[in-house]
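Just so it is clear, the model here is predicted, and its values are computed rather than measured.
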Amino acid sequence: MKGKHLGILVGAAVVIAGGLAACGTTSKSTNQSGQLAAKQIVNLSTKSEVTTLDVSKAADSVSLTQLYHTQEGLYRLGKKEKLINAMATKTTVSKDGKRYVFKLRGNNHWNDGKPVTAKDFVYSWRRTVNPKTASEYAYLMAGIKNYSQVQSGKLAPSQLGVKAQGTKTLVVTLSKPVAYFKLLLAFPTFFPQEQSVVEKYGSSYGHSSAQTAYDGPFVMKNWQGTNQSWKLVKNTKFWDKSAITLKQLNFQVVADASTGLNLFQKKELDATTLDGTQVANLKNNSELKTFVGGTTYYMQMNQKKVKALKNLKVRRALSLAIDKQQLAKSVLRDGSKAPLGFVSQNLTQNPKTKKDFATDAYVKSGVAYDLPQAKQLMKAGLKETGTKKLTVTLMADDRSVTKTVAQYIQAELQKLPNVKVTINSLPYKTRLSRSNSGNFDLVLSSWGADFADPINFLSLMSTGNTNNNGGFSDAQYDRDVKKSENQDANNPTARYQDLVNAEKRLMTKQGVIPLYQPATAEMWNAKVSGYVWNPAGMSRGYQWMKVEK
């Protein structure tokens with residue numbers, strides 16, 4: 001997830017722009033009584049408003065957070081990206097990995113009392129893939145048979161490789177094996193939709209709490225489309241309602257960290273995110289929780305626009321000139337960590353050894369700090385390209401934390417000989433537009449995992465990928481990525497090694513410069529427990545939370 005998608009902290013108490021929480025940790029109450037309080041209500045905050053509750057169109061973090069807790073898909077994700085059956089009770093996969101048959105439970109209902117059936121999934125997926133819907137996340141369905149033809153308008157949405165056999169059997173046919181397909185199914189884009197309600201409200205569907213259908217643990221109330229507060233109340237039609245003790249979640253938009261901390265200290269919030277200064281001041285507080293993983297901030301270098309950036313020595317010099325440890329510990333001071341590579345830590349593990357992928361794929365030179373070597377490489381690189389001076393503009397979002405990071409990088413890079421860096425801070429939408437069009441020299445980018453698999457990061461840097469704004473292209477890298485998705489798709493060990501090879505190649509060729517892994521730091525009321533995180537940041541923690549005495 002980039003840009004507005006980033007910061008999805010799904011299942012967390014708060015959504016922090018620019019940070020995706022993930023660490024496979026469960027918060028624990030300091031109160032050991034385990035007795036439930038009479039009032040099962042929590043007060044939470046978000047950084048911005050909900051934009052839509054339409055499963056096909058939701059793409060921002062706040063909207064996706066609400067969907068995770070008001071809708072039910074085939075699976076949920078638990079600790080360490082473990083798949084948990086939700087609507088699916090049994091899954092059968094063909095030997096070639098291309099045909100999935102899901103047996104669905106028959107005891108879940110929409111909030112209007114109608115049963116949730118296989119046809120609701122078929123309708124939802126076809127609607128998402130239909131180019132007229134303009135779904136930003138439709139690409140996640142690219143592995144399903146006929147996806148490309150439907151997206152291009154060559155085939156009708158009815159030709160997508162998904163069908164219902166009766167009310168309780170969903171059959172999905174893929175065009176090729178997709179190793180992480182089940183993980184995708186826990187993402188809101190793959191949730192069902194009640195056709196009659198979508199058609200009843202038309203273009204207004206999902207634009208208010210009353211114009212939305214719900215099949216999950218909670219129903220949203222008091223949201224008119226633009227308001228700064230709303231609530232989730234327990235859904236009496238939900239199949240697993242007996243497992244949920246919470247009766248209500250109250251949300252309010254709190255954009256400023258100082259305001260959030262003040263509300264928390266006044267006990268008007270049960271959780272709030274912190275900024276770097278607050279984290280430093282509260283580091284010994286038992287209510288402080290810090291989560292790192294699932295997101296990487298990095299710098300893209302435009303090899304198409306700036307001649308010198310095509311040179312590997314120049315790119316390596318820029319990376320070696322930035323002290324990532326100092327950036328994380330002394331500049332950000334919020335628990336963020338220096339990266340091991342492009343793919344974040346705490347995302348996925350080696351299928352055999354259970355080592356973190358980022359550790360297996362670590363290339364020291366790709367993220368190290370060595371200013372003397374950087375100076376030598378810059379001199380040599382500029383000479384090879386016939387460039388006397390590297391004058392570039394560093395483009396970044398105009399948020400306070402990003403401005404701080406940009407200023408730090410500017411100072412670090414200008415320690416190199418004959419390098420001049422100017423900062424251009426822009427509103428997010430403007431920055432993203434210019435990034436996508438290649439109108440930059442250097443740009444600060446970020447990516448948060450949509451699902452817990454390295455391919456979600458590594459595919460971005462493939463030749464021609466729309467997120468590969470810097471124009472990095474390497475034939476061996478492309479071969480490694482393609483091999484993981486084709487030849488080795490059904491061989492977990494071989495596929496994992498393909499992705500390790502790709503990450504190492506990317507870092508060896510310095511296709512991007514990883515800068516840091518952002519932390520999400522929160523104050524969390526210890527009386528609220530049962531709060532689950534997982535490595536992709538896609539947690540269903542709210543429905544299992546409880547308030548203790």
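With hydrogens and angles ignored, the 3.5 Å screen pairs a side-chain donor or acceptor of D275 with a backbone N or O of Q278. Without hydrogens or angle criteria, D441 side chain to K305 main chain gives no donor-acceptor distance under 3.5 Å. When atom types are taken as modelled, the side chain of E503 and the backbone of F342 share a donor-acceptor pair closer than 3.5 angstrom. With hydrogens and angles disregarded, no donor-acceptor distance shorter than 3.5 Å links the side chain of D488 to the backbone of N491. With hydrogens and angles ignored, the 3.5 Å screen pairs no side-chain donor or acceptor of Q510 with any backbone N or O of L312. Under the 3.5 Å distance criterion, the side-chain polar atoms of E485 are left unmatched by any main-chain donor or acceptor of V178. Formation of a donor-acceptor pair under 3.5 Å by the N465 side chain with backbone atoms of M461 is not found in this model. Side chain of D480 to main chain of D498: no donor-acceptor pair is present (N/O by atom type, distance under 3.5 Å, no hydrogens or angles). Side-chain atoms of R315 come within 3.5 Å of backbone atoms of K310 as a donor-acceptor pair (strictly under, hydrogens ignored). Within the 3.5 Å criterion, the main-chain N or O of N525 finds no donor-acceptor partner in the side chain of D270.
With respect to Y75, the side-chain contact (heavy atoms from CB on, under 4.5 Å) criterion is satisfied by exactly one of T91, L184, L183: T91.
Under 4.0 Å is where a charged nitrogen must lie from a carboxylate oxygen, and between D323 and K415 no such pair does.
Listed here is the closest heavy atom pair of A380 and K313: CB-CD, 4.1 Å. K95 approaches N490 most closely through the heavy-atom pair O-ND2, 4.2 Å. Closest non-hydrogen pair, L458 versus A502, comes out as CD1-CB, 4.2 Å. Considering every non-hydrogen atom in both V363 and M507, the closest pair reads CB-CB, 3.8 Å. Closest heavy-atom contact between G470 and Q300: N-OE1, 3.2 Å. Taking each heavy atom of N469 and F440 in turn, the nearest pair found is O-CZ, 3.4 Å.
Ring geometry for F190 versus F181: interplanar angle over 60°, hence perpendicular rather than tilted (30 to 60°). Relative ring orientation between F102 and Y100 is described as parallel, the plane-to-plane angle staying below 30° on a 0-90° scale split at 30° and 60°. Under the 30°/60° scheme for interplanar angles, the aromatic rings of F451 and Y180 are found to lie parallel.
Taking OH of Y428 as the reference point, atom OG of S433 lies at 10.5 Å (rounded to 0.5 Å). Going from atom CG of L382 over to atom NZ of K307 covers 11.0 Å, rounded to the nearest 0.5 Å. L340 CG to D356 CG: the interatomic distance, rounded to the nearest 0.5 Å, is 7.5 Å. Annotation: the span from R99 atom CZ to T92 atom OG1 amounts to 9.0 Å, rounded to 0.5 Å. Between the CD atom of Q407 and the CD1 atom of I423 there is a distance of 5.0 Å, given to the nearest 0.5 Å. One finds the OG atom of S135 at 8.0 Å from the CD atom of Q151 (value rounded to the nearest 0.5 Å).
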Step-by-step side chain to side chain donor-acceptor pair (under 3.5 Å) determination, T430 to R434: CA-CA 6 Å; T430 304; R434 293 190 182 184; over 6 Å; no
Side chain to side chain contact (heavy atoms under 4.5 Å, CB included) between V481 and I455, worked out: CA-CA 8 Å; V481 171; I455 194 65; 3.8 Å; yes
Evaluation steps, side chain to side chain contact (heavy atoms under 4.5 Å, CB included), between T128 and L140: CA-CA 10 Å; T128 296; L140 292 178; over 6 Å; no
Criterion side chain to side chain contact (heavy atoms under 4.5 Å, CB included) on V314 and E384, from CA distance to verdict: CA-CA 10 Å; V314 171; E384 288 178 6; over 6 Å; no
Intermediate values then yes/no, side chain to side chain contact (heavy atoms under 4.5 Å, CB included), N436 and T466: CA-CA 7 Å; N436 291 340; T466 55; over 6 Å; no
Check against ring-ring contact (aromatic ring centres under 6.0 Å, His included), Y496 and F357: CA-CA 9 Å; Y496 182 86; F357 177 89; 5.5 Å; yes
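Remark: K429 NZ is loosely packed, at most 12 non-hydrogen atoms of other residues, nucleotides or ligands lying under 6.0 Å away.
Neither side chain, T272 nor S45, offers a donor N or O lying under 3.5 Å from an acceptor on the other. No hydrogens or angles considered: a donor-acceptor pair under 3.5 Å links the side chains of Q326 and Y408. In this model, a donor atom of one side chain and an acceptor atom of the other lie less than 3.5 Å apart for D334 and S336. Donor-acceptor pairing under 3.5 Å is recorded for the side chains of D60 and T51. Defined by atom type and a distance below 3.5 Å, a donor-acceptor pair is present between the side-chain atoms of D478 and T463.
Within the 4.5 Å cutoff, the side chain of Y147 has no heavy atoms near those of the S175 side chain. Inter-residue side-chain proximity for T273 and K47 is flagged as met; some heavy-atom pair is nearer than 4.5 Å. For the pair L288 and M523, the minimum side-chain heavy-atom distance is below 4.5 Å. A 4.5 Å side-chain heavy-atom check between L261 and L282 finds at least one atom pair inside the cut-off. Between T46 and T65, every side-chain heavy-atom pair lies at or beyond the 4.5 Å cut-off. Considering only heavy atoms from C-beta on, L442 comes within 4.5 Å of L309 through its side chain. Side chains of K483 and N501 form no contact here, defined as non-hydrogen atoms less than 4.5 Å apart. Residues S344 and T295 fail the side-chain proximity criterion, which asks for heavy atoms closer than 4.5 Å.
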